[in-house]
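Everything on this sheet refers to the single structure shown next.
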Amino acid sequence: MVDGSIKHRLTALVEEAAGACIAEGLLKLENLPPVEMEMTKEAAHGDYATNLAMILASPARMSPRKIAEMITGHLRDERNILEKSEIAGPGFINFFVREQVWAEELKDIERLGKSYGSTDTGRGRKIQVEFVSANPTGPLHIGHARGAVVGDVVANILAMSGYDIFREYYINDAGNQMNNLGKSVWYRYLELLGKSVEFPDTCYQGDYIRDIAGDILKKDGDLYLAKDEGETIRAFTDYAAGIILEGIKEDLKEFGIVFDRYFSERVLYVNDGVAGLLADLEEKGFIYREEETLWFKTTDFGDDKDRVVVRKNGEPTYFAADIAYHKNKYERGFDTIIDIWGADHHGYIPRMHAGIQALGHSRETLRVVLVQLVNLLRDGKPVAMSTRSGEFVTMREVVEEVGRDAARYNFLMRRSDSHLDFDLEVAKRQSNENPVYYVQYAHARICSILRMAQDRGIGMPASADVDPQLLRIPEEIALIKALIRFPEIVEGSARTLEPHRITFYLNDLAGLFHSYYNKYKVISEDEAVTKARLFLMKCIAIVLNNALLLLGVSAPEKM
RNA sequence: GCGCCCAUGGCUCAGCUGGAUAGAGCGUCGGACUACGAAUCCGGAUGUCGCAGGUUCGAAUCCUGCUGGGCGCACCA
């Protein structure tokens with residue numbers, strides 16, 4: 001239980017002690033700032049430490065050490081979790097937790113099982129995460145894949161933190177690009193019928209276009225030759241977009257990503273979403289006209305310059321539709337909206353913020369996660385890619401080649417906003433260069449131990465039959481402390497929208513386990529110790545499993 | 001020209017809301033399988049946290065300037 005965690009209990013102890021000092025007039029303060037309690041890096045500094053005394057030094061006009069003494073003097077450890085507390089360095093208060101307390105925590109982890117790590121931080125608030133959102137003009141490529149995983153895992157993390165999550169894909173199925181798609185199919189169709197045509201280089205070159213044209217030919221023959229070209233192109237656009245979108249959905253599903261909804265940009269026009277938005281903005285006085293062009297005063301909200309929402313030719317811009325889309329999101333009752341964008345769109349953020357503020361929503365309700373580009377490599381050498389020429393490595397190809405688990409894990413090994421080198425050969429390699437197997441191996445190894453114990457007639461002990469005192473080797477304490485950190489890691493990851501924190505945590509935890517495994521035997525002649533260690537193993541497996549699940553990566557029992 | 005992001009061992013990167021002696025992996029050198037799974041482990045070496053100031057008890061972290069790199073600055077999406 002998070003409320004009962006050691007960290008929270010210590011924090012409460014310190015708050016009470018400091019509160020008592022204030023009440024007695026020893027500390028002259030109006031109110032107490034939030035108490036920071038952190039696990040220490042070094043054993044000499046105890047298990048947890050707080051810097052509160054140093055924070056208070058200036059406002060209370062006292063020396064940090066003096067304040068620390070007062071606070072420690074007022075600690076009332078009624079639940080007896082502390083071995084001792086010490087004042088150290090410039091004024092840290094270090095807490096040494098009684099050994100027995102650690103192992104007791106294990107029992108909570110075991111009891112909570114699959115729900116360990118979940119919190120109610122979000123209290124059911126509704127969050128929509130919009131990601132991928134590629135135009136249906138071609139299959140998803142490697143760059144989309146990273147955004148897809150980041151979005152999916154951010155959503156998972158928030159869900160584990162108690163938010164009500166809705167995953168959405170915005171289909172950019174209006175505008176020029178779509179028209180180009182239809183044309184592309186049209187020209188290939190003509191080619192297949194033996195007409196000599198010049199294929200424009202603004203059109204999509206990929207082989208999938210030819211396949212689609214071929215399908216149409218097989219189905220309907222040459223009957224489109226007699227029809228109106230513009231009408232045919234529109235029909236081809238719809239047909240191609242439908243096929244491609246189905247392919248995208250399938251590819252995403254293979255990658256473990258399922259959306260709650262695919263939202264069509266066209267629907268915004270059909271339902272007057274865009275027109276309604278413009279009327280709304282105009283009424284609020286954020287729109288002005290310059291000849292035939294309509295401008296939105298985004299500078300009122302800190303943007304560099306105003307933006308066009310309706311072009312000279314009368315057509316609304318992409319931006320106009322996007323604000324209408326976000327308006328629609330808010331109308332559906334989401335408390336927070338998260339957009340996952342390619343980092344090259346960062347310049348778009350101020351105007352989007354302007355858009356939602358004009359609609360009366362605070363800046364903070366729209367959070368944008370930027371995902372940097374992926375450098376695709378093979379054995380250290382860049383893989384040539386060019387969307388124009390149709391030479392790109394698709395997401396499907398990558399997933400098929402390296403596997404879902406390795407692909408997902410590799411996309412989460414860096415902060416989202418930093419560039420990522422993705423080496424196809426390294427991602428397939430079963431070594432330390434490829435941490436996904438390192439972590440999965442830890443899980444498989446534990447399962448193997450548990451099987452072995454089972455074979456030897458040693459079942460998993462019930463919680464009550466485990467003597468916590470028997471887990472006191474430093475490596476065991478370190479493992480338990482790592483397990484205890486998990487809910488905090490999830491919480492931090494949710495707060496900052498940084499999924500890579502889970503990945504790094506998993507590497508740490510797996511490392512601690514492998515190290516312990518090589519040094520000590522879990523199953524031994526000593527039955528009581530064996531039981532205690534088996535119990536510890538089970539808890540490690542629980543956390544590995546929960547964390548991997550969060551990343552959408554499997555936790556195999558055998559490899 | 002303006003704006004955003006980045007700069008940490010040879011390489012690729014972590015570093016939580018400022019905390020105590022800056023960490024991993026790769027690579028390198030040297031070790032561990034008659035052992036619950038060697039897809040593992042143990043040990044050695046490697047740093048002016050781009051540069052210069054500032055803020056304070058304390059700065060890789062915050063502020064300013066500079067250098068170097070990426071991206072953006074559409075009536076494209």
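Below, read A as the first sequence line, B as the second, and so on, with proteins coming before strands; counting in each chain starts at 1.
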Say you pick atom [atom1] in [N] and the same atom in [M]; how far apart are they, in whole Å?
| N | M | atom1 | value |
| --- | --- | --- | --- |
| B:rA60 | B:rA7 | C1' | 11 Å |
| B:rA77 | B:rG15 | P | 36 Å |
| B:rG27 | B:rG9 | C1' | 12 Å |
| B:rA20 | B:rC33 | C1' | 41 Å |

Heavy atoms under 4.0 Å, any strand shown: does [X] hit a base, just sugar-phosphate, or nothing?
| X | result |
| --- | --- |
| A:Asn135 | sugar-phosphate |
| A:Arg307 | nothing |
| A:Ser418 | sugar-phosphate |
| A:Ala49 | base |
| A:Ala442 | nothing |
| A:Ser448 | base |
| A:His500 | sugar-phosphate |
| A:Met559 | base |
| A:Gln440 | nothing |
| A:Phe319 | nothing |
| A:Arg429 | nothing |
| A:Lys519 | nothing |
| A:Pro64 | nothing |

Using the six-membered base ring of [N], report whether [X] stacks on it, requiring centroids under 5.5 Å and planes under 30° apart.
| X | N | value |
| --- | --- | --- |
| A:His514 | B:rA38 | no |
| A:Phe92 | B:rG19 | no |
| A:His45 | B:rA20 | yes |

Should the ring pair A:Tyr169 and A:Tyr262 be called parallel, tilted or perpendicular, given that the plane angle runs from 0 to 90° and is split at 30 and 60? tilted
A:Phe95: ring-ring contact (aromatic ring centres under 6.0 Å, His included) partners, not counting sequence neighbours: none
Rounded distance (Å) that lies between atom [atom2] of [N] and atom [atom1] of [X]:
| X | N | atom1 | atom2 | result |
| --- | --- | --- | --- | --- |
| A:Asn51 | B:rC57 | CG | P | 14 Å |
| A:Ile157 | B:rC16 | CD1 | P | 17 Å |
| A:Arg445 | B:rA35 | CZ | C1' | 11 Å |
| A:His419 | B:rC6 | NE2 | P | 11 Å |
| A:Gln454 | B:rC36 | CD | P | 18 Å |
| A:Met413 | B:rG23 | CE | P | 22 Å |
| A:Asp421 | B:rC26 | CG | C1' | 13 Å |
| A:Asp417 | B:rG69 | CG | P | 21 Å |

[X] has a side chain; which of [options] sits nearest to it?
| X | options | result |
| --- | --- | --- |
| A:Pro90 | B:rC36, B:rA74, B:rG19 | B:rG19 |
| A:Asn518 | B:rC41, B:rG19, B:rC71 | B:rC41 |
| A:Glu498 | B:rC57, B:rG15, B:rU17 | B:rG15 |
| A:Arg414 | B:rU12, B:rC36, B:rU40 | B:rU12 |
| A:Glu36 | B:rU17, B:rG19, B:rG72 | B:rU17 |
| A:Tyr441 | B:rA38, B:rC75, B:rC71 | B:rA38 |
| A:Ala88 | B:rA20, B:rA77, B:rA14 | B:rA20 |
| A:Arg495 | B:rA77, B:rU17, B:rG72 | B:rU17 |
| A:Thr496 | B:rG19, B:rU17, B:rA77 | B:rU17 |
| A:Gln177 | B:rU17, B:rA77, B:rA38 | B:rA77 |

Examine the base of [N] for any acceptor or donor lying under 3.5 Å from a partner atom in the side chain of [X], and report the outcome as yes or no.
| X | N | answer |
| --- | --- | --- |
| A:Asn94 | B:rA20 | yes |
| A:Asp304 | B:rG3 | no |
| A:His346 | B:rC5 | no |
| A:Thr293 | B:rC75 | yes |

Between the side chain of A:Thr530 and the main-chain N/O of A:Ser524, is any donor-acceptor distance below 3.5 Å? yes
Please answer whether the main-chain N or O of A:Gly380 pairs with a side-chain N or O of A:Asp423 as donor and acceptor at a distance below 3.5 Å. yes
Is the distance between the ring centroids of A:Phe301 and A:Phe286 under 6.0 Å? yes
Between A:Tyr520 and A:Tyr516, is the ring centroid distance below 6.0 Å? yes
Which atom of A:Tyr505 lies closest to which atom of A:Leu483, heavy atoms considered: OH-CA, 3.7 Å
Can you name the nearest heavy-atom pair linking A:Asn434 to A:Ala406, along with the distance? ND2-CB, 4.5 Å
Under the side chain to side chain donor-acceptor pair (under 3.5 Å) definition, can you give me all pairs with a residue in residues 40-50 of chain A, not counting sequence neighbours? A:Asp47-A:Lys481
With sequence neighbours excluded, tell me which residues meet side-chain contact (heavy atoms from CB on, under 4.5 Å) with [X].
| X | value |
| --- | --- |
| A:Lys428 | A:Arg378, A:Glu401, A:Val402, A:Glu425 |
| A:Ala275 | A:Asp272 |
| A:Asn156 | A:Asp152, A:Arg167, A:Leu550 |

By nearest heavy atom, map A:Phe504 and A:Val308 onto RNA chain B; which one lands nearer the 5' end? A:Phe504
On the nucleotide B:rC6, are OP1 or OP2 found under 4.0 Å from the side-chain N or O atoms that A:Arg415 carries? no
Syn or anti for B:rC33, taking syn as within 90° of 0? syn
In dot-bracket form, 5' to 3', how is RNA chain B paired? Count Watson-Crick and G-U wobble pairs only if both distances fall under 3.5 Å, and write | where the partner sits on another strand. (((((.(..((((.....[...)))).(((((.......))))).....(((((..]....)))))).)))))....
